Amino acid sequence: MAEPQKYVDFARAHRINRFDIVVNDHSKWREPSDFTIYNAAKIIRLAKLAREAGIEVHLMSWIMPHSRYITSAAQILIPLAEATQAASIQWDAEEPWMLARKSMGYERAAA
């Protein structure tokens, strides 16, 4: 996100038509915690440049089966998805989901 135009230009030159913008790195998180993202202004800027170049924008985040995490994710990601005009929010449900400590249960968290 430090050089968004560089990556948008690269994508256009290589006919890449979709960006899945990773909004955080919670890959090693396991404990219940609040949801966080990288710099929102930078994410919005990258998304704007991508859309202007005809590149479809999606947001990607890790997900954890903790009520606190899910609630704060919604509070942050819904407005961010609107601001970036993202086509979707993608969840990475690997280790932070599968190895979470003090989980609220997968079915309840998924609901």
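Predicted model, so just to flag it, every value in this text is computed and none were measured. Note that these values count all heavy atoms, side chains included, but never hydrogens, waters or copies made by symmetry.
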- Item | Neighbour count >12 (heavy atoms, 6.0 Å) for atom CD, Glu31 | yes
- Message: A side-chain contact here means heavy atoms from C-beta on lying under 4.5 Å apart; do Tyr69 and Pro32 qualify?
- Response: no
- Note on the structure: Nearest heavy-atom contact between Glu95 and Ser27 is CB-O, 4.2 Å
- Please check if the side chain of Arg12 supplies one atom and the backbone of Gly54 the other of a donor-acceptor pair under 3.5 Å. no
- Task: Would you sort out whether Asp9 and Lys6 count as a side-chain contact (heavy atoms from CB on, under 4.5 Å), showing the intermediate values?
- Result: CA-CA 5 Å; Asp9 292 344; Lys6 174 182 171 181; 5.9 Å; no
- Task: For Leu80 and Ile37, run side-chain contact (heavy atoms from CB on, under 4.5 Å): C-alpha distance rounded to whole Å, both residues' side-chain angles, the deciding distance at 0.1 Å, then the answer.
- Result: CA-CA 10 Å; Leu80 185 63; Ile37 61 170; 3.9 Å; yes
- Should Ile78 and Trp91 be regarded as members of a common hydrophobic cluster, given that ILVMFWY residues are connected when their side-chain heavy atoms come within less than 4.5 Å of each other, either directly or indirectly? no
- Message: Quick check for you: to the nearest 0.5 Å, what is the distance between Met64 atom CE and His26 atom NE2?
- Response: 9.0 Å
- Message: To check you understand the geometry: which heavy-atom pair defines the closest contact between Phe19 and Tyr7, and what is its length?
- Response: CZ-O, 3.7 Å
- Query: Does Tyr106 reach the main-chain N or O of Met98 with its side chain, forming a donor-acceptor pair under 3.5 Å?
  - Reply: yes
- Task: Spell out, yes or no, whether Ile76 and Val22 are grouped together once hydrophobic residues are joined by side-chain heavy atoms under 4.5 Å, including indirect joins.
- Result: no
- Short side-chain donor-acceptor distance under 3.5 Å, Ser61 and Asn24: yes
- Query: With a 4.5 Å limit on heavy-atom distance, are the side chains of Ile43 and Leu59 in contact?
  - Reply: yes
- Note on the structure: Heavy-atom nearest pair, Trp29 first then Asp34, reads CZ3-O, 3.4 Å
- Would you kindly confirm whether Met60 and Val8 end up in one hydrophobic cluster when ILVMFWY residues are joined by side chain heavy atoms under 4.5 Å apart? no
- When you look at Asn17 and Ile55, which way does the side-chain contact (heavy atoms from CB on, under 4.5 Å) test go after all the steps? CA-CA 5 Å; Asn17 62 6; Ile55 300 169; 5.6 Å; no
- Item | Least distance between heavy atoms, Met104 atom then His66 atom | SD-C, 3.7 Å
